[in-house]
Novice: 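Take this structure first; my questions come after.
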Amino acid sequence: MGSLEDYAAAVAATRARLSEHPGLKDLVRYATLAANGHNTQPWRFDLAKDRIAILPDFARRTPVVDPDDHHLFASLGCAGENLALSATARGRGGVLRFEPGGAGSLVFEFSGGPAERSALFEAIPKRQSTRADYDGRPVAVPDLEALAAAARVPGVDLVLATDRRQIERVLELVAAGNSAQIADPAFVRELKAWLRFNPREALQMGDGLFSAASGNPNLPTWLGGLMFDRVFRVATENDKYARQLRSSAGVAIFVSEQDDKDHWVRAGRACQRFALQATALGIKHAFINQPVEVAALRPQFASLVGTPGRRPDIVMRFGYGPTLPFSPRRPPEAVMTSVPEGVA
Ligand SMILES: Cc1cc2nc3c(=O)[nH]c(=O)nc-3n(C[C@H](O)[C@H](O)[C@H](O)COP(=O)(O)O)c2cc1C
């Protein structure tokens, strides 16, 4: 199965501190540490001297949970935000914009400027989705304000729910969404294909949902598959989400102004910034997207969070909890296209 020690060493290398004068390849490495749906890493980086384009990799779609590629483009936004923060921290600031041409891509154009390190940049290698029970402690108001300020991206509204009754309403929709998803064999099959049951598998593939990173035991691949079939049930999963949400300090909901790729990317940028600010403050986060993934639940969820008629993009819980093993990443070489001579 491979050892957790070897796994941790390999992951530490992936997350090594960005050098003071990084090449483009190292900037790409930092970009790939971003959150992304099912950890499919659905991106390709196209490098040139004066810009990096982040292109969708449709071979890594998750068509069941994300039929219109909403999460895929949000994931590009997460990576773009990491890239912009990293380049800016190293004196290579620039502009990040969505290019609608073709399938749509995200372009970061370097313009230079002073090196501006930020708490968000420093948090990039430490951020993780922490799918554990938290300790129930509330987040103090100044920290909530810092989270809201960090997540400010034009075109995206953030709704913060910290009231217990409202969190219970969110939980009802998470449970309803979870029940619908688990009842769908295609959803379960797709999820299972991205599970990595032990360190060896996680390292070999460099992607997917590593069991230890979700607080689950390591198992041989064959046994992991069998166990998953036996234990992945609506009741146990809904109980788990109830515990996780009730032990969280609050829920952050990102709602963009329009339902198009540009705004899905913006929502991804906002949620990545929120997650980085949380990490900088010692606050954990995890995604609970069932109410936005199950399309039939979206109108009810939008009304609940006070944005009727709009499509909420991303749902995240936050609070104080343990640090779990990090999730794997593929090396930058595996996600770069066309590297002109001397560029990377
Ligand atoms: C758009 C988007 C949707 C996501 N949806 C979920 C989700 O519904 N449930 C979940 O547990 N994690 C979800 N995640 C988190 C990813 O699984 C996670 O980012 C990925 O496995 C990499 O792990 P890391 O965030 O710890 O680096 C989502 C992430 C993104 C960007």
Side-chain angles (χ1 to χ4, degrees), residues 11 14-15 29-43 54 56 60-62 64-66 68-82 123-132 156 170 173-175 177-178 180-182 187 190-191 194-196 202 205-216 232 237 240-241 244-245 248 251-254 256 261 263-276 278-279 284-294 297 301 311-318 321-330:
V11 163
T14 313
R15 291 174 179 267
R29 176 174 65 86
Y30 250 46
T32 67
L33 298 180
N36 66 94
H38 279 20
N39 198 21
T40 69
Q41 304 159 40
W43 41 54
I54 310 179
R60 292 176 166 268
R61 299 180 69 226
T62 47
V64 182
V65 70
D66 188 30
D68 62 0
D69 295 320
H70 169 284
H71 282 5
L72 189 152
F73 279 93
S75 301
L76 300 191
C78 296
E81 192 58 41
N82 268 16
I124 287 174
K126 300 178 205 139
R127 187 208 59 81
Q128 62 167 220
S129 304
T130 309
R131 298 184 193 86
V156 183
V170 173
L173 292 181
V174 168
N178 191 52
Q181 288 180 326
I182 296 182
F187 171 87
E190 181 178 82
L191 173 64
W194 288 101
L195 296 178
R196 309 287 177 250
M205 303 300 288
D207 61 14
L209 302 162
F210 176 37
S211 42
S214 300
N216 293 320
F232 192 64
E237 288 298 302
K240 180 186 80 183
Y241 283 115
Q244 292 184 344
L245 257 165
S248 298
V251 180
I253 303 108
F254 301 84
S256 57
K261 289 176 184 170
H263 286 78
W264 302 344
V265 165
R266 287 168 189 260
R269 294 186 64 180
C271 90
Q272 181 71 15
R273 292 181 61 84
F274 181 97
L276 291 171
T279 305
K284 305 293 190 198
H285 68 278
F287 292 75
I288 37 162
N289 274 325
Q290 291 88 345
V292 299
E293 288 169 352
V294 176
L297 294 174
F301 187 62
R311 174 181 180 174
D313 292 275
I314 289 166
V315 193
M316 234 182 215
R317 65 187 177 96
F318 59 89
T323 300
L324 296 183
F326 285 98
S327 65
R329 291 295 186 278
R330 291 176 295 154

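Numbers for residues simply follow the sequence, beginning at 1. Note that ligands are numbered from 1 as they come in the structure, with each ligand's atoms numbered from 1 the same way. Treat the numbers as computed from the prediction; the structure is a model and nothing was measured.
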Novice: Around ligand 1, what residues show up once you keep those with a heavy atom under 4.0 Å from it?
Specialist: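 Heavy-atom contacts below 4.0 Å: Ala35, Asn36, Gly37, His38, Asn39, His71, Ala74, Ser75, Cys78, Arg127, Gln128, Ser129, Arg131, Leu209, Phe287, Asn289, Glu293, Ser327, Arg329.
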
Novice: Does a salt bridge link Asp66 with Arg61, judged by any charged N lying under 4.0 Å from a carboxylate O?
Specialist: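 Between Arg61 and Asp66 there is no salt bridge, as every charged N stays at least 4.0 Å from the carboxylate O atoms.
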
Novice: Would you mind reporting whether Asp207 and Trp194 have side-chain heavy atoms less than 4.5 Å apart?
Specialist: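 With C-beta onward as the side chain, the pair touches.
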
Novice: Once side chain to side chain donor-acceptor pair (under 3.5 Å) is applied, do any residues pair with Asn39, and if so which ones, sequence neighbours excluded?
Specialist: Asn36, Gln41, Arg329

Novice: Side chain to side chain donor-acceptor pair (under 3.5 Å) with Lys261: which residues, sequence neighbours excluded?
Specialist: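 Side chain to side chain donor-acceptor pair (under 3.5 Å) check on Lys261 returns nothing, list empty.
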
Novice: Suppose we screen for ring pair (Phe, Tyr, Trp, His ring centres under 6.0 Å). Which residues come up paired with Phe210, at least two apart in sequence or across chains?
Specialist: Tyr7

Novice: Looking at Thr62, Leu76, Thr40, Asn289, which hits side chain to side chain contact (heavy atoms under 4.5 Å, CB included) with His71?
Specialist: Asn289

